[in-house]
Amino acid sequence: MLKRAQLESVQAFMDHPAQSGLPLHARIQRAVRQLIVERSLTAGRPLPSSRTLARSLGVSRDTVETAYAQLHAEGFIERRVGSGSFVCELTELGLKRGVLRPAGRRPALQPATAPTLSKRGQAMADSGGLRDPYAPLAFSPGVPETRLFPFAQWDRLHRQTLREEGAAALHHGDPQGHPRLRRAIAGYVNLERGARADPDQILILTSSQQALSLCARVLADPGDGVFIEDPAYQGAAKALDAAGLKRLPVAVDSQGLLTDDLLARREDGRAVFVTPSHQFPTGRTLSLDRRLALIQWATDHDAWILEDDYDSEFHYAGRPTACVQGLDPHDRTLYLGTFTKSLFPGLRLAYLILPRPLVEPMVAARSLMDGFTASVAQLTLARFIEDGRFGAYVRTMRGVYAQRLDALEAAVAARLSHVVTPDRPAGGLQMPCFLKDGFDEAETVRAARRVGVHLTGLTPLHDAGAGRPGWLMGFAASTPAEIDAAVDRLAKIFPA
């Protein structure tokens, strides 16, 4: 039988708020199990009948029976026909092996100590990781509008996929990605981005961050150098750091990466990371002559170009320049594309266009990472592209985002001109603004957070934080009215 204190312990466990999400039988089972583990209930001790315990706890007999059945299945109690339930003798074996502690011998609490990690694990921990907001605040950079997404069309294609594919869509998938989606992507990027891609060169992934991590690990060894734009996308910088690579920053100007500086560098670099369509965070476009110089550098140095084309669909001034991959006759360019910006983040689909010699090793490495990408999402997206819906949606959103960029630029110029100078980008989903003298970047960012506005400081995006102070302001996820309201909040905390 249970002593009064033990019964009260079980009741307290059941009533604890932390256990509120568990069904009653699970709470009883865990409470009794804890008493056995702590040796409050010793081996051979009889437990009350299910009827008696149910009455004491104010629950049904079936609830207690279910709890006892689970304890029996786990080896904590044995049930004897006609005799009842008893704490199992096997707990003595656990005690001898040090698995269970005798009652009253709880070890004193020890101060938390840092775990011993690998060098790569420590680098990842030190980086702090990447944390995008679940629900974007005003001006969160890189966040697309999702409220205008054609949900009905997507749902129809999703159901069509399940109906036509049936159980085949539920099996393990090809680590390289579904051939149908690879064909659809190849057709799209060849037409719209001037790429030169066959479906068998495309690797489907879950995100551009996964693509960057994969490239960093497969193309370079710890300690190798990789050239990277300065300022740069922090996801790329952290992926290189996590892989144990040495970042070699190269400055940018109004025409993108300074390739003359790259050509003059004496360090050896296994690759160069660039965002040529819209340099992050400046929004500038890499000029054609610099694209060609970049290709020649990679060829001469047996190096790779990592071209991140993260939001090239949204170009607001003239036609976008052809991607570097399409201009590269030497097959030195890896092209990263994602549907996070063009569609919605929750889709979790991105891709790499690989030089042919890299396809097999990259697919093998990817298979060790997470196996494959979900087939149903891939097949739904393939239909969305094939039907022309993707292109139509991108054209619609390009117009929407252009209006929102106009609204942000006008609002900042009208109400925050004493604080920052806007620098209108050629495309993308965010606009950089440079702080005027007398304003501290970190303090303005903190003040904005207090009124629900997410400003991203520019100096942390530069190597060693040495850049010109300012803000990066995302505009894509906010309507013109929402942009005006958020700028008003900023204007109130930074009065003229």
Only distances under 3.5 Å count here; give the side-chain donor-acceptor pairs of residues 162-173 to other protein atoms, sequence neighbours excluded, each with its distance to 0.1 Å.
residue : atom : partner : partner atom : Å
E164    : OE1  : R383    : NH2          : 2.6
E164    : OE2  : Q160    : NE2          : 3.2

query: Are side-chain heavy atoms of T161 and R156 found at a separation under 4.5 Å?
result: no

- line: Residues at least two apart in sequence or cross-chain that pass salt bridge (Lys or Arg N to Asp or Glu O under 4.0 Å) with D302, listed by chain then number, are R332

field: Atom pair OH (Y351) and CG (L205), whose distance is rounded to the nearest 0.5 Å
entry: 11.5 Å

message: Can you tell whether the side chains of R196 and D328 come within less than 4.0 Å, N to carboxylate O?
response: no

message: Is it the case that over 12 heavy atoms from other parts of the model lie below 6.0 angstrom from the CG atom of D300?
response: yes

Salt bridge (Lys or Arg N to Asp or Glu O under 4.0 Å) partners of D308, counting only residues at least two apart: none

message: Tell me every residue that passes side-chain contact (heavy atoms from CB on, under 4.5 Å) with A197, counting only those two or more places apart in sequence or in another chain.
response: V189, N190, I353

- prompt: With a 4.5 Å heavy-atom cut-off, do R450 and R446 have their side chains touching?
  reply: yes

Spacing of T299 atom OG1 and I305 atom CD1 [to the nearest 0.5 Å]: 7.0 Å

message: Is any side-chain heavy atom of R366 closer than 4.5 Å to one of L214?
response: yes

query: To the nearest 0.5 Å, how far apart are CZ in F273 and CG in L240?
result: 8.0 Å

field: With R147 via salt bridge (Lys or Arg N to Asp or Glu O under 4.0 Å) - residues at least two apart
entry: E145, E482

- prompt: Would you say the side-chain atoms of H278 and R284 include a donor-acceptor pair closer than 3.5 Å?
  reply: no

- prompt: Backbone N or O of V324 within a donor-acceptor pair of the E307 side chain at under 3.5 Å?
  reply: yes

query: Looking at side-chain heavy atoms only, is the closest gap between S342 and D311 below 4.5 Å?
result: no

query: Under 3.5 Å, is there a donor-acceptor pair between the side chain of H178 and the main chain of R180?
result: yes

message: Can you list everything that forms a side-chain hydrogen bond (donor to acceptor under 3.5 Å, both in side chains) with T206? Sequence neighbours excluded, please.
response: Q210

- prompt: Just how far is it from atom CD1 of I385 to atom OH of Y393, taken to the nearest 0.5 Å?
  reply: 14.0 Å

message: I want to check something: taking the side chain as every heavy atom from C-beta on, are L258 and D253 in contact at a cut-off of under 4.5 Å?
response: yes

field: Closest contact, heavy atoms only, L336 versus S208
entry: CD2-O, 4.2 Å

F344: partners by ring pair (Phe, Tyr, Trp, His ring centres under 6.0 Å), with sequence neighbours left out: F149, W154

message: Minimum heavy-atom separation for W297 and G269, please, with both atom names.
response: CH2-O, 4.2 Å

- request: Consider only side-chain N and O atoms of Q378 and S375, and report whether a donor and an acceptor are under 3.5 Å apart.
  value: no

Evaluation steps, side-chain contact (heavy atoms from CB on, under 4.5 Å), between L405 and Y316: CA-CA 9 Å; L405 173 57; Y316 313 123; 3.7 Å; yes

- prompt: Are F339 and F390 near enough that their ring centres are under 6.0 Å apart?
  reply: yes

message: Which residues pass the side-chain contact (heavy atoms from CB on, under 4.5 Å) test with P355, not counting sequence neighbours?
response: W304, D331, L334, P357, L358

- request: Give a yes or no answer on whether the side chain of Q201 reaches the backbone of L354 with a donor-acceptor pair at less than 3.5 Å.
  value: yes

task: Report yes or no: does Q430 contribute a side-chain atom to a donor-acceptor pair with the main-chain N or O of T282 at less than 3.5 Å?
output: no

Using a 3.5 Å cut-off and no angle test, enumerate the donor-acceptor pairs between side-chain atoms of residues 483-492 and protein atoms at least two apart in sequence or in another chain.
residue : atom : partner : partner atom : Å
D484    : OD1  : R415    : NH2          : 3.1
D488    : OD1  : R415    : NH1          : 2.6
R489    : NE   : V451    : O            : 2.9

- request: Verify, without hydrogens or angle tests, whether K341 (side chain) and G142 (backbone) share a donor-acceptor contact under 3.5 angstrom.
  value: yes

task: Using atom types as modelled and distance alone, determine if a side-chain donor or acceptor of S417 lies under 3.5 Å from a backbone N or O of A414.
output: no

message: Quick check for you: to the nearest 0.5 Å, what is the distance between L181 atom CG and E386 atom CD?
response: 9.0 Å

For a quick test of your reading: what N or O donor-acceptor pairs under 3.5 Å do the side chains of residues 458-471 make, sequence neighbours left out?
residue : atom : partner : partner atom : Å
T459    : OG1  : E441    : OE1          : 3.4
T459    : OG1  : E441    : OE2          : 2.5
W471    : NE1  : T444    : OG1          : 3.0

- line: dist L219:CG -> L245:CG (nearest 0.5 Å) comes out at 9.5 Å

message: Is there a salt bridge (charged side-chain N to carboxylate O under 4.0 Å, His left out) between D261 and R265? Walk through the geometry before answering.
response: CA-CA 6 Å; D261 286 4; R265 298 287 285 270; over 6 Å; no

- request: Test side-chain contact (heavy atoms from CB on, under 4.5 Å) on H315 and T285 and set out the steps.
  value: CA-CA 10 Å; H315 199 84; T285 299; 3.7 Å; yes

- request: Evaluate the salt bridge (charged side-chain N to carboxylate O under 4.0 Å, His left out) criterion for residues R395 and E192: first the C-alpha distance (whole Å), next the side-chain angles of each, then the deciding distance (0.1 Å), finally the verdict.
  value: CA-CA 12 Å; R395 289 190 292 273; E192 298 293 337; 5.3 Å; no

Donor-acceptor under 3.5 Å (E229 side chain, T275 main chain): yes

field: K436 vs H418 side-chain heavy atoms within contact, under 4.5 Å
entry: no

query: Y335 versus L352: any side-chain heavy-atom pair under 4.5 Å?
result: no

query: So, the side chain of D198 versus the backbone of D200: is there a donor-acceptor pair under 3.5 Å, distance only?
result: no

- prompt: How far apart are the C-alpha atoms of L455 and L472, what are their side-chain angles, what is the distance that settles it, and do they pass the side-chain contact (heavy atoms from CB on, under 4.5 Å) test?
  reply: CA-CA 6 Å; L455 299 176; L472 191 62; over 6 Å; no

- prompt: For P276 and R291, which heavy atoms make the closest approach, and how far apart are they?
  reply: O-NH2, 3.2 Å

message: Has R247 got a side-chain atom pairing as donor or acceptor with I228's backbone, closer than 3.5 angstrom?
response: no

- prompt: What's the shortest heavy-atom distance between F227 and E267, and which atoms?
  reply: CZ-O, 3.6 Å

task: For residues R404 and S478, determine if any side-chain heavy atom of one lies less than 4.5 Å from a side-chain heavy atom of the other.
output: no

- prompt: Just by distance, do the side chain of S118 and the backbone of G121 share a donor-acceptor pair under 3.5 Å?
  reply: yes

field: R193 and S312 side chains, donor-acceptor separation under 3.5 Å
entry: yes

task: Show your working on side-chain contact (heavy atoms from CB on, under 4.5 Å) between D174 and F372 and close with a plain yes or no.
output: CA-CA 6 Å; D174 184 341; F372 62 96; over 6 Å; no

Counterpart residues, ring pair (Phe, Tyr, Trp, His ring centres under 6.0 Å), relative to H158 (two or more places apart): none

query: Taking only residues two or more places apart in sequence or in another chain, which ones pass salt bridge (Lys or Arg N to Asp or Glu O under 4.0 Å) with D406?
result: R424

